[in-house]
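A quick note: this is a predicted structure, and the numbers were derived from the prediction, not measured.
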Amino acid sequence: MRHGPAEDEAGTGRDFDRKLTASGRARTELVARELGVRGEQPRRMVSSPLRRTIETAEVVVATLGLHLEIEVRDELAPGGNSSGLVRELAGAGAKRVMLIGHEPDVSLLTAHLLPSWSRGFDKAMVVGLKIQRGEGAESRVLPRCRFVIEPKRIAG
């Protein structure tokens, strides 16, 4: 998932501190409700350490009434090693993990995992991938796209 729309500039002047706008929270809630309608509640939530991604995760957790801790990982910060994180999670057999990050990183990660993917993520957009490891010597990651939720296509 890409974080929801955020303020242009934080009071501190640091990009790290930019928070979601009111419309960003509303858009994220809309997407979270759609996840709920589809029965796609995450069991684990992993966020970039930047404020807007943590707030996006908090909105999803609250909207879906989930009881889980938000994990913060530097690998999801802009320019981080998100593909290494995905390999780690897949190797550990993690299920229904939502990663929340930034553009262009989320679209690059998706394209790396799913070579047919060739587009960017709108703010608060979610792409659901099923990622499995091959058996035996064939231990590479085998992804497929399960769903795409685009906020602009949801009737709100």
Side-chain angles (χ1 to χ4, degrees), residues 1-7 18-78 80-117 119-135 140-156:
M1 178 176 199
R2 181 181 181 190
H3 65 79
E7 62 189 358
R18 289 174 43 221
K19 59 186 177 183
L20 293 182
T21 60
S23 64
R25 287 182 175 282
R27 182 186 284 198
T28 303
E29 286 174 8
L30 180 69
V31 169
R33 283 193 301 275
E34 181 65 19
L35 283 166
V37 165
R38 294 178 184 209
E40 296 293 344
Q41 294 90 339
R43 294 183 189 153
R44 199 166 162 188
M45 184 83 58
V46 185
S47 173
S48 154
L50 279 67
R51 183 173 181 175
R52 59 192 175 272
T53 52
I54 293 170
E55 289 182 349
T56 297
E58 290 169 345
V59 169
V60 172
V61 166
T63 302
L64 292 173
L66 302 175
H67 301 286
L68 50 85
E69 293 291 320
I70 298 165
E71 301 170 48
V72 176
R73 297 285 297 257
D74 289 336
E75 293 94 325
L76 294 174
N81 183 13
S82 57
S83 60
L85 175 61
V86 169
R87 279 192 303 279
E88 174 189 324
L89 293 168
K95 305 263 189 221
R96 290 193 179 250
V97 180
M98 177 176 273
L99 305 177
I100 301 176
H102 309 269
E103 263 304 282
D105 300 284
V106 289
S107 58
L108 292 172
L109 174 63
T110 304
H112 173 74
L113 295 169
L114 196 66
S116 63
W117 186 264
R119 54 184 284 218
F121 277 52
D122 290 333
K123 291 177 181 166
M125 183 172 156
V126 178
V127 173
L129 300 177
K130 179 165 180 75
I131 299 176
Q132 294 178 275
R133 282 219 172 260
E135 297 294 321
R140 64 187 174 97
V141 173
L142 306 169
R144 71 176 174 83
C145 186
R146 292 186 55 244
F147 63 87
V148 176
I149 299 176
E150 297 178 79
K152 294 176 182 175
R153 294 182 185 254
I154 301 171

For this session: Give a yes or no answer on whether the side chain of E103 reaches the backbone of S107 with a donor-acceptor pair at less than 3.5 Å.
Result: yes
Seminar exercise, completed: Exactly one candidate in M125, K123, M1, R2 meets side-chain contact (heavy atoms from CB on, under 4.5 Å) with V31; the answer is M1
Exercise. Can you tell which of L35, L66, L68, V60 makes a side-chain contact (heavy atoms from CB on, under 4.5 Å) with Q41?
Worked result: L66
Exercise. Between G4 and T28, what is the shortest heavy-atom contact and its length?
Worked result: CA-OG1, 3.6 Å
For this session: Determine the minimum heavy-atom distance between L20 and E55, stating which atoms define it.
Result: N-OE1, 2.7 Å
Seminar exercise, completed: What one should report as the nearest heavy-atom pair of M45 and A57 is CG-CB, 3.7 Å
For this session: Can you measure from OG1 (T53) to CD (E58) and round to the nearest 0.5 angstrom?
Result: 9.5 Å
Seminar exercise, completed: Heavy atoms of L76 and S82 approach each other most closely as CD2-CB, 3.9 Å
Exercise. Would you call E34 and R38 a salt bridge, using N to O less than 4.0 angstrom?
Worked result: yes
For this session: Find the distance between CG (L108) and CZ (F121) and round it off to the nearest 0.5 Å.
Result: 10.0 Å
For this session: Find the distance between CG (D105) and CG (L99) and round it off to the nearest 0.5 Å.
Result: 12.0 Å
Exercise. Below 4.5 Å, heavy atoms only, C-beta onward: do C145 and T110 meet side chain to side chain?
Worked result: no
Problem set entry | Separation between CD of E71 and CE of M98, rounded to the nearest 0.5 Å | 13.5 Å
For this session: Check whether any side-chain heavy atom of R96 sits under 4.5 Å from a side-chain heavy atom of E40, and report yes or no.
Result: yes
Problem set entry | Within-4.5 Å side-chain heavy-atom neighbours: I154 and R33 | no
Exercise. Looking at S48 and H102, what are the two nearest heavy atoms and their distance?
Worked result: OG-NE2, 2.8 Å
Problem set entry | Rounded distance [0.5 Å steps], CD1 in I54 versus NZ in K19 | 14.5 Å
Exercise. Between R73 and E75, is there a side-chain N and carboxylate O pair less than 4.0 Å apart?
Worked result: yes
Exercise. Taking all non-hydrogen atoms of both residues, which atom of A32 and which atom of L64 are closest, and how far apart?
Worked result: O-CD2, 3.2 Å
Problem set entry | Nearest-0.5 Å distance, CG of residue L30 to CD1 of residue I149 | 9.5 Å
